[in-house]
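Reading through the structure tokens given below for one structure.
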Amino acid sequence: MQEKLDEIRRSVQEQLLAAGDSAQVEQIRVSVLGRKGELTALLKGMGKLSPEERPIVGQQVNALRQEIEAALAAKEAELQEKEKQARLEKEALDVSIPGKPVKVGNVHPLSSTLEKIITIFTGLGFSVVEGPEVELDHYNFELLNLPKNHPARDAQDTFYFNENILLRTHTSPVQARTMLSQKPPIRIICPGRVYRVDELDATHSPVFSQCEGLVIDEGVTMGDLKGTLDAFAQAMYGEGIQTRFRPSFFPFTEPSAEVDVTCAACKGAGCRICKGTGWIEILGAGMVNPHVLEMCGIDPERYTGFAFGIGIERVTNLKYNVPDMHLLFENDLRFLSQFGKGRV
Amino acid sequence: MLAPLSWLKQYVSIDMAPEEFARRMIMNGNAVEEVENLAAEVENVVVGKVLSVAPHANSDHLHICQVDVGQGEPIQIVTGADNMAAGDFVPVALHDSHLPGGVHIKRGKLRGEVSNGMMCSGEELGVPADVYPSNVEHGLLILREKDLVPGQDIRPVLGLDDAVLNFEILANRPDCLSMLGLAHEAAVVAGGAVQEPACDVAPAGEGTVEDLVDVSVEAPDLCRRYCAAAIRNIHIAPSPLWMRQALHKAGVRPINNVVDITNYVMLEMGQPMHAFDLDQVRGRKILVRRAKDGETIQTLDGKDRELTQNMLVIADAEGATGLAGIMGGQESEITENTKLVLFESACFDSACTRQAGRSLGMHTEAQGRFERGVNERLCRKALERALHLMQELGAGEVVPGVIDIYPEEKPLPVVRAKADYLYTLMGVEVPMETMQEILTGLGIATRVEGDELVCTSPVWRQDIVRGADIAEEVLRIYGYDHIPSTKMRKAESGRNSEHQTRDAIVRRLLCGMGAYEAATFSFIGPKWLDALRLPEDSPLRLAARLQNPLGEENSLMRTTLVPSMLNVLATNFNRGNAGAAFFEISKRFLPKALPLTELPEERPSLCIGLYGEDADFYALKGMVEALFAAFGVEDVAFQRAGDAAPWLHPGRGAAAFCGKICLGTLGEAHPDTMEAFDCKARAYVAEIDLAALESCQTYVSGVRDMPKFPAVQRDFAFVLKEETPVGDVMRCAKKAAGALCEGVQLFDIYRGQPIAEGEKSVALKVVLRAADHTLEEEEIVRVCDAVVAAVSANFGARLRS
């Protein structure tokens, strides 16, 4: 009996060694442990044994059965692992092949500039206020110290619908509307489209956008204006950027200034972009003319304020070195898509 | 304002390079657009004396000259000119010399003969014939000056040792539209006093100007001052070289002595002058009055003009002859035969001049100056200066007396400004003495009274009227660089606007869907509205029209963004760009009525456009649906757009509704529309009303529990008539499935065998789930039966077997 068992063990070991896949292992299992298997046959033949022998042989057969089952399972696991490895190997990809294209567009550079300006100024405590693009002469000019037939109106050649209705030439009418409707302290920026009678060329456009700012409070000084614009310039163009004020004139402000920032391209050393001066003019600003405060119902003895106006196209063109205004409004994909290739 | 440095130097000593002078003027608030350094353009050009002229052996038009250029030995120069003779003085550009326009002259050979430079014409040196009358059109500039020395630098001889500064004069400084005004600014920069020009006159002869002419001002509100003086025994001649050169450099063409003097004084003192031939003034009478409605005159430019009563005219005994401050009349123009001249030096109202000029479409130098404000206090002085120059030039004999009608002479404005107020505005505390010093240097007489400055405007300034003006004057001279950079008190929290926030969200959504943001003008033309195939009575044709548009194609405020977007698509397609999606967020301008009497409604709008391989109706619709979903707008019904969007393909256009609110339209553009945009691509365009979208938006208010029980899916294939809208079937199925329905999805539409012609098989997946239990088969069957029954009943559908 013992011999028979040893024979089966040896035979299974041999067959398992030779087995190459799960099917062959299964075949072995059936041939030994199956209903008609060798070991099963041995168990069936136990009845012929003496009662003394039976438990001993039974034990031996069961032990062998467990041993074979374990060997089959081990072989099965080994084969599965092998098959898995083979599959993984087969599934290897060429990772250098490009991925499935995902179409992503991008915002227009004028929008990203404006969004950035808004973020900077809301961080400085300014709130965004908007107003109509088709405006009344009253708000666009008269309340801003530009009465009818004032020669300074020539500087802002205006599109008219009729004597009183026009396309705003700046976003200042929003400031006037705010001063009339809100008591100081006022700290706002007014972004939006504005219009002037200029043919579209490399540096002009009849349609462009501005972001103007207005602060009215007790004791606001020109130093505060400079501090605010310094903070803006550094946030917009980077640390180390400075502002320079030059005297100028705007009917809305007095004293008035043209404001330059350090040329970001050459860091002030002088280059082609800044025409060798190291400075780039980016905006106009000044202390709100007391007459304007008066007209808008704010006591100029008690309150002072400042205002500034930033040209979005100018800031954009300088920041991205856009050589021609046409590009901003032509919407050629080859231009627009450049603003999606990197952070703006 | 072109200001030759040499002219400014007549009044103030400027001892620095033109570029440095310009830089300092800029930092004081006098913007300089350009410095033209005349001296730098001409180099190594000298006075030469022609010694001999001989014909060139190998040419029938060249001449060989021996020229003394002060080098001991004469030099040989070959020239094509023939207006020189031995003994003439001419400008000679020597070997290695430079002429205006970047011309470089070198030694060379002309038909075998050496030429050591070039003898120059006036044109080559930038000296026109008006300035230099001996200058002929084709030929050398023959110099007529006395005491010329061969070899001397040509620049001083021709007034080219100079620089011209082009000042950009600010609107509040009309005084700087004159050499004297600029000289006052230059004096601050250069540190010296201003030397006023000579105005002394020695009248001669019998009688006075009042005997020669009767002047009256009927409209003193529009003519605050009128000065006049007469000059007799006029001798019309060219003015002297110095005056012609000065005028030329300042951009004015020299004419004759009388006209040149009026222009010279205008440039010098800022006062426009007019000269009448007094013999031609009918009735020897000058009347300044409002025009009559419908009155006509012929102006100096020969044009007949019809006037209104808002205009001011100069009339004689017979009628209006000139437009005050704009243009004189033809009758009394100065001619070669003029013998008796009347100079007018007046102050006409700025607004009146401006309006008259605008409505007549005229723009003259004098008009521009009156519009910006002429200083009435200087009228008489300017007149006296002109008389002085008439004497100096020997152009005539000044008649005794001056007419000066000046009914309301006001004292010079005095401004009182408290130091603290000035400090607040300026942001910097400038010591009182320094402020006083600066103001005095500007000619603003200033005294200190306690903590207050008391300032009197100079006679030549008109813009010193309040404290802020004083702050500006002090600060610009003290230096804007001294303004400290300070932080504001009371930092509040700033807030973005709802509109900007919404637009930023829409932008990011559309970009994520692969679209590029475009920016187009707010203008469109009527042709673009025609291209949209809009009927005559379409509300979109109710567009506000500009009075002064940049061309017809930019004459209307757009009532829809669609044409601008189609133009963007056409541009990209025609430039060969592979297909793409674009979007724009901007405003539509919707007038309540035309012509405009009140501001139009400005409605925020989103336009999406696509073309190319990936573009089709459903790609566009998918974008629009994703946008609606992001704004929480559910249950949107898409109907055929029909008349609402005639620019769309009749079978491929839809309007989207949330309840009764129209959110917008979308679809494939009509082929006729695309043809009008000269675009051969199929294009898809949607316009979404962002205000309507916002009115329907919902917010994420909280999260729901995740489903605890499994969902069941049941698929249905309905055979439907071809024309049955699948969306309606889906909505019907969803409704019939009731509360257990989690969603209805379309997963296939099949046409062809065995489905009959004119029918389609539509496969829907219905997802069912209960929140509180696993669905029983019985429930599922009940729902499925209800779906089949409803779809069959409503659409005549049958289940595909």
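This is a predicted model, so every value here is computed, not measured. Quick note on labels: first sequence line is chain A, next is B, and so on, each numbered from 1.
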For chain B, which candidate among [options] shows the most heavy-atom pairs at distances under 4.5 Å?
options: A:Leu136, A:Leu328, A:Leu110; value: A:Leu136
options: A:Phe126, A:Phe245, A:Tyr160; value: A:Tyr160
options: A:Gly227, A:Pro191, A:Pro300; value: A:Gly227
options: A:Glu330, A:Lys226, A:Glu135, A:Glu133; value: A:Glu133
options: A:Glu199, A:Arg334, A:Arg244; value: A:Arg334
options: A:Lys148, A:Glu258, A:His291; value: A:His291

Given heavy-atom pairs under 4.5 angstrom as the criterion, report whether the side chain, backbone, both or neither of [X] touches chain B.
X: A:Thr304; value: side chain
X: A:Glu301; value: neither
X: A:Val102; value: neither
X: A:Arg246; value: both
X: A:Glu218; value: both
X: A:Ser205; value: side chain
X: A:Ile118; value: side chain
X: A:Pro251; value: neither
X: A:Phe250; value: neither
X: A:Leu167; value: side chain
X: A:Thr119; value: neither
X: A:Asn162; value: both
X: A:Leu229; value: neither
X: A:Asp198; value: backbone

Measure from the side-chain N and O atoms of [X] to the backbone N and O of [Y], and report whether any donor-acceptor pair falls under 3.5 Å.
X: A:Ser127; Y: B:Arg495; answer: yes
X: B:Glu517; Y: A:Val107; answer: no
X: A:Asn331; Y: B:Ala518; answer: no
X: B:Thr486; Y: A:Gly223; answer: yes

Do you see a donor-acceptor pair shorter than 3.5 Å between the side chains of [X] and [Y]?
X: B:Gln500; Y: A:Glu130; result: yes
X: A:Thr122; Y: B:Asn496; result: no
X: B:Ser522; Y: A:Tyr195; result: yes
X: A:Asp332; Y: B:Asn577; result: yes

Distance check, rounded to the nearest 0.5 Å: [X] atom [atom1] versus [Y] atom [atom2]?
X: B:Glu472; Y: A:Met222; atom1: CD; atom2: CE; value: 8.0 Å
X: A:Thr253; Y: B:Leu425; atom1: OG1; atom2: CG; value: 11.0 Å
X: A:Phe249; Y: B:Asn172; atom1: CZ; atom2: CG; value: 4.0 Å
X: A:Phe161; Y: B:Leu594; atom1: CZ; atom2: CG; value: 10.0 Å
X: A:Leu124; Y: B:Lys487; atom1: CG; atom2: NZ; value: 9.0 Å
X: A:Ile165; Y: B:Thr597; atom1: CD1; atom2: OG1; value: 6.5 Å

Greatest number of heavy atom pairs closer than 4.5 Å to chain A - which of [options]:
options: B:Tyr480, B:Tyr423, B:Phe523; value: B:Tyr480
options: B:Gly514, B:Gly427, B:Pro600; value: B:Gly514
options: B:Ser586, B:Ala544, B:Gly551, B:Cys352; value: B:Ala544
options: B:Glu168, B:Arg476, B:Glu473, B:Met27; value: B:Met27
options: B:Ala351, B:Pro549, B:Ala580; value: B:Ala351
options: B:Arg173, B:Met513, B:Glu498, B:Arg545; value: B:Arg545

Quiz item: Stepwise, does the side-chain contact (heavy atoms from CB on, under 4.5 Å) test hold for A:Glu163 with B:Gln547?
Solution: CA-CA 10 Å; A:Glu163 206 184 332; B:Gln547 274 182 342; over 6 Å; no

Exercise. Please assess B:Arg508 against A:Glu115 for the test salt bridge (charged side-chain N to carboxylate O under 4.0 Å, His left out), listing each intermediate value before the final yes or no.
Key: CA-CA 12 Å; B:Arg508 292 314 179 287; A:Glu115 286 181 0; 2.6 Å; yes

Self-check item: Step-by-step side-chain contact (heavy atoms from CB on, under 4.5 Å) determination, B:Leu170 to A:Ser248
Solution: CA-CA 7 Å; B:Leu170 300 171; A:Ser248 189; 4.0 Å; yes

Self-check item: Toward chain A, the part of B:Leu510 with a non-hydrogen atom under 4.5 Å
Solution: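 It is neither, since no heavy atom gets under 4.5 Å.
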
Quiz prompt | Residue B:Gln355 versus chain A: region with a heavy atom under 4.5 Å | solution =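 Both backbone and side chain.
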
Exercise. Quick one: do B:Met488 and A:Arg187 satisfy side-chain contact (heavy atoms from CB on, under 4.5 Å)? Show the steps, please.
Key: CA-CA 11 Å; B:Met488 282 188 287; A:Arg187 199 181 288 191; 3.9 Å; yes

Exercise. For the pair B:Met426 and A:Thr221, evaluate side-chain contact (heavy atoms from CB on, under 4.5 Å) and give the outcome as yes or no after the intermediate values.
Key: CA-CA 6 Å; B:Met426 298 190 295; A:Thr221 75; over 6 Å; no

Quiz item: More than 12 non-hydrogen atoms from neighbouring residues, nucleotides or ligands closer than 6.0 Å to NZ on B:Lys592, yes or no?
Solution: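 Correct, the count exceeds 12.
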
Self-check item: Over 12 non-hydrogen atoms of neighbours within 6.0 angstrom of CD in A:Gln242
Solution: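 Check fails, neighbour count at 12 or below.
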
Quiz item: Ion pair present between A:Glu254 and B:Arg466, side-chain N to carboxylate O less than 4.0 angstrom?
Solution: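 A salt bridge is absent here (no side-chain N lies under 4.0 Å from a carboxylate O).
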
Practice problem: Verify ring-ring contact (aromatic ring centres under 6.0 Å, His included) between A:Phe339 and B:Tyr516, making sure each step is shown before the conclusion. | Solution: CA-CA 10 Å; A:Phe339 296 90; B:Tyr516 293 88; over 10 Å; no

Exercise. State which residues pass salt bridge (Lys or Arg N to Asp or Glu O under 4.0 Å) with B:Lys418; sequence neighbours excluded, sorted by chain then number.
Key: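 Salt bridge (Lys or Arg N to Asp or Glu O under 4.0 Å) check on B:Lys418 returns B:Glu452.
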
Practice problem: Looking only at non-hydrogen atoms, find the nearest pair between B:Lys587 and A:Gly131 and report the distance. | Solution: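 Closest approach of B:Lys587 to A:Gly131: NZ-O, 3.5 Å.
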
